[in-house]
Amino acid sequence: MITDRINEVLAEVSGITADSAEALESLRIRYMSKKGIVSELMNEFRNVPAEQKREVGMKINELKTTIQDRISELRQRLSAAESDHSDIDLTRTPYPVRLGTRHPLSIVKNEIVDIFSRMGFAMADGPEIEDDWHVFSSMNFAEDHPARDMQDTFFIESHPDIILRTHTSSVQSRVMETTQPPIRVICPGRVYRNEAISARAHCFFHQVEGLYIDKEVSFTDLKQVLLTFAREMFGADTQIRLRPSYFPFTEPSAEMDISCNICGGKGCSFCKHTGWVEILGCGMVDPAVLEAGGIDSSLYTGYAFGMGIERITNLKYSVKDLRLFSENDTRFLEEFMAAH
């Protein structure tokens with residue numbers, strides 16, 4: 001009987017599934033097309049006795065509605081699955097992604113840290129957003145020192161005592177406040193200065209500073225540590241020379257040159273035909289800095305040094321434009337694959 005056939009199709013429809021648009025269309029054709037099951041049942045409906053037409057007609061309409069609802073449900077499921085891009089990065093380039101490598105500044109920083117670690121220096125870190133005391137006052141900078149000027153320092157407008165650190169000496173200040181000698185640390189990190197960006201300057205760069213405080217520390221100790229570092233970094237034949245200089249936080253102070261690693265000290269355009277290239281500043285820690293850090297300057301002495309990581313990287317890899325370090329160009333980074 002037609003009613004038995006309708007019940008069979010109703011039971012069948014409740015279990016149909018489709019995993020693609022093509023499969024769903026096949027189901028629609030099977031049930032709802034002109035030659036489909038519903039049309040066949042409508043043709044049989046003509047032969048149903050008059051007294052049964054109302055009941056059978058209602059059953060056919062129920063079947064038709066059930067089929068349409070089931071197909072609509074399956075269509076919505078497929079649409080939702082196709083639009084789910086949770087595992088797709090929509091910002092990714094359609095072209096093959098070029099992989100870079102470890103950043104040259106990271107390579108050089110890690111090498112510097114490794115060299116000084118082998119000489120007994122521990123690594124110390126501190127905040128990049130600092131206060132005036134730790135950046136300037138504790139480092140023996142006078143109130144009218146040019147480094148405090150807006151041309152050199154980034155100040156927080158609403159809090160003029162809060163600044164972006166201009167050197168990692170602020171980390172040394174914090175270490176002295178919380179640690180009693182002997183102190184032997186290196187402080188790598190990013191620093192900020194209010195400078196125009198060019199091939200030779202940037203508003204941020206990276207430093208590594210070192211500090212050693214103990215009883216009877218001498219300038220000779222400083223010279224030996226720096227000579228060892230230079231030869232580990234640039235080669236066993238590297239020579240150094242120390243030239244008198246001035247820094248507020250050290251006395252006496254010096255700048256250190258190394259024999260040009262490009263021409264071997266013979267003179268070239270890189271070293272301006274002098275045979276020497278400056279790489280860092282150093283000196284004995286000023287007693288006023290020790291006292292500001294809570295260390296008795298009558299019992300302890302110390303030395304400090306600081307170098308720019310970009311400067312050392314330029315010497316090792318001849319990178320002429322500082323802007324390349326912050327542009328994240330994978331073509332530039334690929335050049336340092338062999339440096340790992």
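Residue numbers count from 1 along this sequence.
- By the neighbour-count criterion of 12 heavy atoms within 6.0 Å, atom NZ of Lys316 is densely surrounded, having more than that number from other residues, nucleotides or ligands.
- Using a 4.5 Å heavy-atom threshold, the side chains of Leu333 and Pro104 count as touching.
- Of the charged side-chain nitrogens involved, at least one lies within less than 4.0 Å of a carboxylate oxygen, so that Asp257 and Arg241 count as a salt-bridged pair.
- Judged purely by atom type and a 3.5 angstrom limit, Arg165 uses its side chain to pair as donor or acceptor with the backbone of Gly126.
- The CD atom of Glu255 sits 5.0 Å away from the CZ atom of Phe247 when rounded to the nearest 0.5 Å.
- Hydrophobic clustering keeps Phe205 apart from Phe305 (ILVMFWY residues linked when any side-chain heavy atoms are closer than 4.5 Å, directly or through intermediates).
- With ring centers used as reference points, Phe141 lies under 6.0 Å from His167.
- Using modelled atom types, no side-chain atom of Thr250 and backbone atom of Tyr246 make a donor-acceptor pair closer than 3.5 Å.
- Looking at His134 and Glu177, their side chains do bring a donor and an acceptor atom within 3.5 Å of each other.
- Looking at Glu310 and His206, their side chains do bring a donor and an acceptor atom within 3.5 Å of each other.
- More than 12 heavy atoms of other residues, nucleotides or ligands lie within 6.0 Å of CG in Asp161, so this atom counts as buried by the packing criterion.
- In this structure, the side chains of Ser170 and Phe136 stay at 4.5 Å or more apart for every pair of heavy atoms.
- Atom CG of residue Asp286 and atom OG1 of residue Thr301 lie 12.5 Å apart, to the nearest 0.5 angstrom.
- No more than 12 heavy atoms of other residues, nucleotides or ligands shown are found within 6.0 angstrom of CD on Glu55.
- Remark: Lys35 does not engage Glu40 in a salt bridge, criterion side-chain N to carboxylate O under 4.0 Å.
- The aromatic ring centres of Phe229 and Phe116 sit less than 6.0 Å apart.
- Leu27 places none of its side-chain heavy atoms less than 4.5 Å from the side chain of Arg70.
- Between the side chain of Arg231 and the backbone N or O of Thr238 there is at least one donor-acceptor pair closer than 3.5 Å.
- The backbone N or O of Ser169 lies less than 3.5 Å from a partner atom in the side chain of Glu209, making a donor-acceptor pair.
- Val185 is listed as a side-chain neighbour of Ile183, based on a closest heavy-atom distance under 4.5 Å.
- In this structure, Ser33 contributes its side chain and Ile29 its backbone to a donor-acceptor pair below 3.5 Å.
- Formation of a donor-acceptor pair under 3.5 Å by the Arg102 side chain with backbone atoms of Ile107 is not found in this model.
- In this structure, the side chains of Ser326 and Phe204 come closer than 4.5 Å at one or more pairs of heavy atoms.
- Residue Arg54 places its CZ atom among 12 or fewer non-hydrogen atoms of other residues, nucleotides or ligands, all under 6.0 Å distant.
- Of the charged side-chain nitrogens involved, at least one lies within less than 4.0 Å of a carboxylate oxygen, so that Glu8 and Arg5 count as a salt-bridged pair.
- Ile279 is listed as a side-chain neighbour of Leu315, based on a closest heavy-atom distance under 4.5 Å.
- Residue Ile197 is not grouped with residue Val191 when hydrophobic side chains (ILVMFWY) are merged at heavy-atom distances under 4.5 angstrom, including chains of intermediate members.
- Follow the hydrophobic side-chain contacts under 4.5 Å out from Tyr212 and you reach Met123 in the same cluster.
- Each of Asp4, Val9, Leu10 was scored for a side chain to side chain contact (heavy atoms under 4.5 Å, CB included) with Ile6, with one residue passing: Leu10.
- Looking only at distances, a side-chain donor or acceptor of Asn140 sits under 3.5 Å from a matching main-chain atom of Pro248.
- Taking the six-membered ring for Trp and the full ring otherwise, Phe154 and Tyr192 have centroids separated by 6.0 Å or more.
- Side-chain atoms of Thr274 come within 3.5 Å of backbone atoms of Trp276 as a donor-acceptor pair (strictly under, hydrogens ignored).
- The CD1 atom of Ile186 sits 10.0 Å away from atom OG1 of Thr168, with the distance rounded to the nearest 0.5 Å.
- When side chains are defined from C-beta on, Leu242 counts as touching Cys282, because their heavy atoms get closer than 4.5 Å.
- With sequence neighbours excluded, the residues that form a side-chain contact (heavy atoms from CB on, under 4.5 Å) with Glu327 are Arg323, Leu324.
- Within 6.0 Å of CD1 in Ile129 there are 12 or fewer heavy atoms belonging to other residues, nucleotides or ligands.
- With Ser297 contributing its side chain and Leu290 its backbone, the two residues share no donor-acceptor pair below 3.5 Å.
- For Asn110 (side chain) and Ser106 (main-chain N/O), a donor-acceptor pair under 3.5 Å exists by modelled atom type.
- Hydrophobic clustering of Ile, Leu, Val, Met, Phe, Trp and Tyr side chains at less than 4.5 Å, counting indirect connections, unites Tyr317 with Ile312.
- Of the inter-residue distances, the one linking Met307 atom CE with Arg311 atom CZ reads 12.5 Å to the nearest 0.5 angstrom.
- Residues Pro188 and Ile112 have side chains not in contact (no heavy-atom distance under 4.5 Å, counting atoms from C-beta outward).
- Using a 4.0 Å cut-off between charged nitrogen and carboxylate oxygen, Glu25 and Arg75 do not count as a salt-bridge pair.
- Between Met176 atom CE and Ser138 atom OG the span is 6.5 Å, to the nearest 0.5 Å.
- Interatomic distance, His103 NE2 to Phe336 CZ, rounded to the nearest 0.5 Å: 8.0 Å.
- Residues Thr66 and Asp69 bring no donor and acceptor atom of their side chains to less than 3.5 Å of each other.
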